[in-house]
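To start, the structure itself, in C-alpha cells.
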Amino acid sequence: MQQSLFSQGQAPINPPKKLVSRENLNQAQYEAVTAGDGPVLVIAGAGSGKTRTLVYRMAYLLERGVAPENILLLTFTRKSAQEMLHRAGQLMNDYSQRVLGGTFHAVANLLLRRHGHHLGYSSNFTILDQSDSEGIINLIKSSLELGGAGKRFPTKRVIINIIGKAVNKAMPFAELLEQQYLHLYEYLPDLERIRNHYQKFKFEHGLMDYDDLLVNLKTVLHDFPAVRDEVAARFTNILVDEYQDTNPVQADIVRLMAHGHNNVMVVGDDSQSIYSFRGADFRNIMEFPQIFPGTRVITLEENYRSSQEILTVTNSIIEQATEKYSKKLFSNIAGGAKPVVFGARNETEQARFITDKIIEINQSGVPLAEIAVLFRSGFHSYKLELELTNHRIDFDKRGGLKLTESAHIKDVLSYLRVISNPYDNLAWNRMLLLLDKVGPKTVQNILAKIKDSTDPFAVLEAYPAAKSWAAGFNKLVDLLKTLRENELTPSGYYETALDYYQGIFERIYHDDYPRRSRDLDQLREIISGYDNLQSFIDDTALDPPQPAAESASALANSDKLILSTIHSAKGLEWDTVFVIHLTEGKFPSSQAFLPEEREEERRLLYVAATRARNRLFFTFPREIMSQDRKMTIGGISPFLAEIPAGMVKTTVLPGSMVRQDFTARPIIADRGAKSSDPSSFLAGTGVRHPFFGEGKVEKVIGPRTVEVFFPRHGRKTLHLDYAKLERLK
DNA sequence: TGAGACGCTGTTTTT
DNA sequence: CAGCGTCTCA
C-alpha cells in the first residue's frame, strides 16, 4: 500500500509521446503545462482545471524525458494524490505510476525513516495522531499536578492546539497567547512547562506528532546539506497542489528540497484558503515569488464546472471579503437554475426539505453519487442522517470521527505498536491500564523501570507483580513474547493480539462490545492489505481508514449520497450541492469571532458553493435546539443575507406559516449572565482587564466582541465570553 | 490503589 | 453525549 521511496527495478516502459497539445488545454493551462524549468506559480480558481493542469504537467515532463522517479507530487490528502496519478495513468500508461505522490506528512515520514538518525531518531519511530498527543498532555498534566487546582485550566485539546499553532506559525508562546488566547495568558508559564515536557517525552520515546514530521524534515534538510542535496537530486521536479493551505514550515521544506534546481510548480487559490487553524496562511501563496525570484505567474480564470447562475452567486460571496482576491471567475456554461435559499422552521424541517429534494432530483435522473450535502462541522448532519435512514437513502459520510480514534481500536493497536517501537511509552501505558486491578500508579511504577532500560521486554518480565493482578500480567508477558519471537504477517500479529484482547474487550466494554466488535472486523479487513507492520501502523495515523470504508469490498462504484464536511469536500465536485445549517453561530461558527476568522468562514462557504455544477441549495434552520433543550433562535448566516436578492430564489415549504424574513438576528444567549451584558460595553466605556489593566472601548465589532484600547498594551480585540472585562464606574 | 457512580461542561475544521 | 473531575467504597 505504501510506496517505497527508493524502490527500483521496474521494467522500463517507454515514455509517452505527444499527449500535450493546444487541443485539450486552454491558453493559460497550456502555458502552465509547457512552462520551462524554474519556479512557476499557478493561481487556479475553483473549477478552472487545476487537476487537469497538474496531470498534463506531469505528462509533459515525462514527454520531455524526465524520469518518473525524479518527479514529486505533493498534495493535501493521499486520496487526491492517488486520483491524480490514476488520471495520469489513464492518459499515458503505468509509467506515470512511478511518480512519487503523497501528502507532505507521508513524504516526510518516508524521508525521516531514512534520514532521521541525524536528529537522534531511530528509524522505527512511531507517529502520533491527535488523540495520542492529547494522551501525552494528560500524562504530563497529572505528573506536574496542574489542572486540578484552577478549574479554568485549558483542556488537553486546547493545549495541543496551542502547541501546534506555535510550531506551525513559528511564533513564541507569549505572542500567540496574547494574540489568540488572551484569556489563558495567566497560564503562560505552565503551558510552557507542559510544552517542554511534551517535546522531551516524544523525543525520549521515539514518537513524532504531525508537526514533528514537518519540522524534523525541515531541520534535517536545513542542517545537513548532504541530505538536502541527496533529496534535491532525487526530486528534480516538484509539483505542489493546494499551495494556499501550506504553512511556513511546508514552504521551507519545498524551498530546501528544490535547492539548486528550483523546478517547482505550485498550484493554488488564495480565495480557497481554509486551514489557518493548522498554521496555513493564504499570504504564503502570494509570497511565493519572493521566495523563488524569477517566478512565472499564471492565472486560470475560466471555470469549467459551474453554470453562470451559480458563479454569479459565488463571486458575490467572495467579493464581499475584506481582503481582495486576485481574480474573478467566469463560465461559458449557459443555462442552469438560480441557487435556492430555504429557511426552515427548525432542524427537522430542514432535514425533511433536503430529503424530499434529494428524492425528487434523484428521480429526475441524477444519480445519488452526484448529490452532496455539505456542512461546517461533523455533527451538523445528525438529524439529516436519521431522516435519510428513515427514507432508506444510502449515504457515505466523510470527515468527522475516524475509525482509528475509537478506544477499542487504539487498545489493539497498542500491542502492535510496542512490537514496532519498544520505547513507545504511550502504547505501554494504554496496554498496562487495560489490566484488571492495575491503575495509573502501578503503571507509572512499571514504566519508570522500562524507560531507562535497554530491553523493555526483559524488564517487564522481571517485574514483581502483585497477587491481585499477577495472572493477567503474566498473560500479557506471554503475548508479547509470542509476538516478538515469531516473524508474522501483519494479519498474523493482529489475530494473535486480538485473541488475547478479546477477554479484556468484553470486560471493559460490557454494555456495547458487540457494536464495537464490528470495528475490529473492519480493521482485520484493512490490515490484510498490508505486508509490512510499520506501514500499517504509519497509515493508522497518516491515512486513517474511514468507519464506513468502501475499501476492499465491491461497494466501490455503488450509488450513494455524499455527506461531507466542507474541509473534506475540497477539490471535489457534484451535480447538486446542498450547503446546510447556514445559521449564525453554526456557520459561521460561534468559535470564529476574530475578523480574520470570520473571513475564513466566508472562504469556507465559497469553497462549499463552488463545488456545485448545476444545482445549488442553501438551507438554514431558524430555531436550533440547544444542549439543555431550551430553544435558541438563530438568524440567517450573514454571508447569505448579503447576497443580492435577484441572484437567488427563495423557497417556502408548502403550508409553512413562517415569514421569509432574512434579517440576521443575534442568537439569544441562553446561558444567563455568564459574562457581562454586551450593551454595557458601548464605545467609550472605561474597562478593566486582569492582564492589560485599564482601557477604553473603541468599537463594538460584533455581538460579543469589542475593540479596546489599553494605554500600556495598545489596541486589542476581545471576546466578552473569554476576556474577564470589568466595567469602570 | 483501583473501580464505579454522579454531575458538569463545552462542542470546528485535518494531517 | 462524551469526556472530564470528584467522591465514595472496596
Side-chain angles (χ1 to χ4, degrees), chain A residues 74-81 102-109 127-135 138 141-142 147-158 160-161 164 168 208-214 242 245-247 249-250 273-280 374-380 382 398-402 404-407 433 435-445 466 468-469 507-508 510-511 538-544 546 564-570 581 585-593 597 600-601 603-604 607-608 626-629 671 674 721:
Chain A
L74 288 167
T75 56
F76 207 68
T77 62
R78 181 172 295 193
K79 219 192 213 160
S80 64
T103 61
F104 275 90
H105 293 89
V107 170
N109 178 34
I127 301 169
L128 304 172
D129 67 17
Q130 167 129 359
S131 59
D132 293 330
S133 302
E134 289 174 357
N138 255 1
K141 233 165 101 175
S142 53
K151 271 191 187 151
R152 296 179 59 88
F153 201 81
T155 60
K156 56 182 185 176
R157 180 179 220 139
V158 173
I160 215 71
N161 280 343
N168 282 304
M208 288 198 206
D209 64 19
Y210 292 126
D211 296 332
D212 292 329
L213 287 171
L214 301 181
E242 308 281 10
D245 285 323
T246 55
N247 62 38
V249 180
Q250 291 168 311
S273 161
I274 53 175
Y275 277 91
S276 69
F277 64 92
R278 242 166 72 180
L374 308 181
F375 31 86
R376 170 76 248 253
S377 317
F379 68 93
H380 290 171
Y382 289 166
R398 312 224 172 127
L401 275 166
K402 295 188 181 68
T404 46
E405 269 165 21
S406 45
L433 277 174
L435 297 171
D436 201 10
K437 310 289 169 213
V438 173
K441 280 276 149 60
T442 313
V443 172
Q444 282 316 310
N445 291 339
S468 60
W469 46 274
R507 171 171 59 83
I508 56 179
H510 45 83
D511 40 355
D538 288 351
D539 280 358
T540 59
L542 286 177
D543 185 30
Q546 294 293 307
S564 175
T565 61
I566 298 170
H567 286 89
S568 305
K570 196 165 79 150
H581 256 305
K586 288 277 168 99
F587 188 5
S589 160
S590 54
Q591 311 291 303
F593 54 85
E597 290 171 334
E600 181 149 316
E601 299 286 304
R603 292 194 296 271
L604 206 47
V607 169
S626 60
Q627 303 88 327
D628 46 359
R629 296 207 195 129
R671 303 224 159 201
K674 176 177 168 185
D721 285 344

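Only heavy atoms go into these numbers, but all of them, side chains included; no hydrogens, no water, no symmetry mates. Fair warning: this is a prediction, and the values are worked out from it, not measured in the lab. Every chain is numbered from 1, with letters handed out A, B, ... down the list of sequences.
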Closest listed nucleotide, where the reference is the side chain of K441(A) and the choices are dT12(B), dT14(B), dT1(B) = dT1(B)

Donor-acceptor pair, side chain of S142(A) and main chain of N138(A), under 3.5 angstrom = yes

OP1 or OP2 of dT14(B) less than 4.0 angstrom from a side-chain nitrogen or oxygen of S568(A), does that happen here?
-> yes

Starting at CG of L433(A) and ending at P of dG4(B), how long is that distance when rounded to a whole Å?
-> 14 Å

For F104(A), which contact category applies under a 4.0 Å heavy-atom criterion: base, sugar-phosphate, or nothing?
-> nothing

Choose from dC4(C), dT12(B), dT15(B) the nucleotide whose nearest atom is closest to any side-chain atom of Q130(A).
-> dT15(B)

Between E601(A) and S589(A) the two heavy atoms that sit nearest each other are OE1-N, 2.9 Å

Just how far, in rounded Å, is P of dT12(B) from CZ of F277(A)?
-> 11 Å

Ring geometry between H380(A) and H581(A) (parallel below 30°, tilted from 30 to 60°, perpendicular above 60°) = tilted

Could you state the NZ-C1' distance from K79(A) to dT14(B), rounded to the nearest angstrom?
-> 13 Å

Over how many whole Å does the gap from N161(A) atom CG to dT14(B) atom P extend?
-> 13 Å

Which is true for T77(A) with a 4.0 Å heavy-atom rule: it touches a base, it touches only sugar-phosphate, or it touches nothing?
-> sugar-phosphate

Between dT14(B), dG2(B), dC4(C), which one does the side chain of T442(A) approach most closely?
-> dG2(B)

Quick one: label D129(A) by what it contacts on the DNA or RNA (base, sugar-phosphate, nothing), any heavy atom closer than 4.0 Å.
-> nothing

Between dG3(C) atom C1' and K156(A) atom NZ, what is the distance in whole Å?
-> 7 Å

Could you state the atom-to-atom distance from CG of D211(A) to C1' of dT15(B) in whole Å?
-> 9 Å

Separation of dT15(B) atom P from Y275(A) atom OH, nearest Å, is 6 Å

In terms of heavy-atom contacts, A106(A) and R78(A) come closest through CB-NH2, 3.9 Å

Rounded interatomic separation in angstrom, taking CG from D245(A) and C1' from dT14(B) = 10 Å

Find out whether L604(A) and H567(A) are in side-chain contact, i.e. whether some heavy atom of one side chain is under 4.5 Å from a heavy atom of the other.
-> yes

First encountered from the 5' end of DNA chain B, between R507(A) and H567(A) = R507(A)

Centroid under 5.5 Å and tilt under 30°, F76(A) to dT15(B) | no

Among dG2(B), dT12(B), dT14(B), the one nearest R376(A) by side-chain distance = dT12(B)

Compare the minimum distances between each of dC4(C), dT14(B), dT15(B) and the side chain of T103(A), then state the nucleotide with the smallest one.
-> dT15(B)

Closest heavy-atom pair and its distance - T404(A), D129(A) = O-OD2, 4.3 Å

Hey, is the side chain of T155(A) poking within less than 4.0 Å of OP1 or OP2 on dG10(B), counting only N and O atoms?
-> no

Tell me which of A541(A) and V438(A) sits closer to the 5' end of DNA chain B, going by the nucleotide each one is nearest to.
-> V438(A)

